[in-house]
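Before any comments, here is the structure.
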Amino acid sequence: MNTLHLRRAAIAVAVAAVLPLVLTACGGDNQDKASDASSMTASSGPADDGSANQSPGDPMAMDKPFGAACSAVPKDGAGSFDGMAQDPVATAASNNPVLSTLVAAVKKAGLVDTLNNAQNITVFAPTNDAFAKIPKADLDKVLNDKATLTKILTYHVVGQRLTPAQLANGSFETLEKGKLTTAGSGEDYTVNDSSHVVCGNVSTSNATVYIVDTVLMPQ
């Protein structure tokens, strides 16, 4: 009997000694697993805020030039988007080959300094093709009538920088003191329901330019 009691006592002592070690090891495994899970969660990054899914038409993405005719703008040099951003608007336009007729008209009207010295304006700039829509005789007549030419050109200028979002449903006073209206969304905007923006949101040092496909007439 004494021998049996001694064996039972020895077993009890052994179990008492080993059990804490087993529990500690199990607890360590659980802590490691929890730590691993936390690490995996942290490495997965912050919750998706949707910015990766923005399309070019989203307002947040509309901080660069847009439109089909932008491809005609030189890729580098003074007439490129980067080059135009360094110069005031009349100078910038003079380096852009798609605006050569407009530049000639601005020079004839004596508006180069006026536009270059203005601050924070928007210019709706007709392309060469826009001027080509006007019968040559009529265009020549306007180009040789400084008062009429000045009236038409200053009608294309708004005294504030306009973002694409502001063009969605806008009405703005021009330097000519008339009103022009804009409408549209995404990359599709019209001015006075007739002239389409073909390359918009072009920055110069003192202006934002929207290149349009039709010459605007004061209303």
Original post:
Hey, quick one: are Val123 and Phe131 part of the same hydrophobic cluster, counting side-chain heavy atoms closer than 4.5 Å, chains of contacts allowed?
Top reply: yes
Original post:
What are the two closest heavy atoms between Ala130 and Pro126, and how far apart are they?
Top reply: CB-CB, 3.8 Å
**OP:** List the steps, then state whether side chain to side chain contact (heavy atoms under 4.5 Å, CB included) holds for Thr181 with Asn192.
**Re:** CA-CA 5 Å; Thr181 60; Asn192 290 350; 3.5 Å; yes
**OP:** Measure across Asn201 and Asp63 and return the closest heavy-atom pair with its distance rounded to 0.1 Å.
**Re:** ND2-C, 3.6 Å
Subject >> Atom CG of Asn169: over 12 foreign heavy atoms under 6.0 Å >> reply: no
**OP:** Return yes if some donor-acceptor pair links the side-chain N/O of Asn128 with the main-chain N/O of Pro97 below 3.5 Å, else return no.
**Re:** yes
Original post:
Is Val198 reachable from Leu99 through a run of hydrophobic residues whose side-chain heavy atoms are each under 4.5 Å from the next?
Top reply: yes
**OP:** Check Ile121 against Gly159 and note the closest heavy-atom contact, atom names and distance.
**Re:** CG2-CA, 4.2 Å
Subject >> Minimal non-hydrogen separation, Val197 against Val191, with atom names >> reply: CG2-CG2, 4.3 Å
Original post:
What distance do Leu167 atom CG and Thr182 atom OG1 have between them, rounded to the nearest 0.5 Å?
Top reply: 4.5 Å
Original post:
How many angstroms lie between atom CG of Leu149 and atom NZ of Lys107, to the nearest 0.5 angstrom?
Top reply: 13.5 Å
Subject >> Nearest-0.5 Å distance that lies between atom OG1 in Thr204 and atom CG in Asn116 >> reply: 8.5 Å
**OP:** Work out which heavy atom in Leu143 is nearest to a heavy atom in Ala105; give both atom names and the distance.
**Re:** CD2-CB, 3.9 Å
Original post:
So, Asp188 side chain and Gly184 main chain: donor-acceptor pair closer than 3.5 Å or not?
Top reply: no
Original post:
Quick one: does Asp82's side chain get under 4.5 Å of Gln86's, heavy atoms only?
Top reply: no
Original post:
Does Leu102 reach the side chain of Leu153, with side-chain heavy atoms less than 4.5 Å apart?
Top reply: yes
**OP:** Please identify each residue that fulfils side-chain contact (heavy atoms from CB on, under 4.5 Å) with Thr163, with sequence neighbours left out.
**Re:** Ala165, Gln166
Subject >> Shared hydrophobic cluster, Ile134 / Phe124 (ILVMFWY, side-chain heavy atoms < 4.5 Å) >> reply: no
Original post:
Going hydrophobic residue to hydrophobic residue with side-chain gaps under 4.5 angstrom, can you get from Met84 over to Val103?
Top reply: no
**OP:** Check whether any side-chain heavy atom of Val73 sits under 4.5 Å from a side-chain heavy atom of Phe81, and report yes or no.
**Re:** yes
Original post:
Is the count of non-hydrogen atoms from other residues, nucleotides or ligands lying under 6.0 Å from Asn144 atom CG greater than 12?
Top reply: yes
I'd like a table of donor-acceptor pairs (distance under 3.5 Å, sequence neighbours excluded) in which one partner is a side-chain atom from residues 207-219, with atom names and distances.
residue: Thr208; atom: OG1; partner: Arg161; partner atom: NH1; Å: 3.1
residue: Tyr210; atom: OH; partner: Leu162; partner atom: O; Å: 2.7
residue: Asp213; atom: OD1; partner: His196; partner atom: N; Å: 2.8
residue: Thr214; atom: OG1; partner: Lys133; partner atom: NZ; Å: 3.0

Original post:
Out of curiosity, Thr91 OG1 to Asn96 CG, how far, rounded to the nearest 0.5 Å?
Top reply: 13.0 Å
Original post:
Is there a path of hydrophobic side-chain contacts, each under 4.5 Å between heavy atoms of I, L, V, M, F, W or Y residues, that connects Leu180 with Leu111?
Top reply: no
**OP:** For residues Asn206 and Ala118, report the shortest heavy-atom separation together with the two atoms involved.
**Re:** ND2-O, 2.7 Å
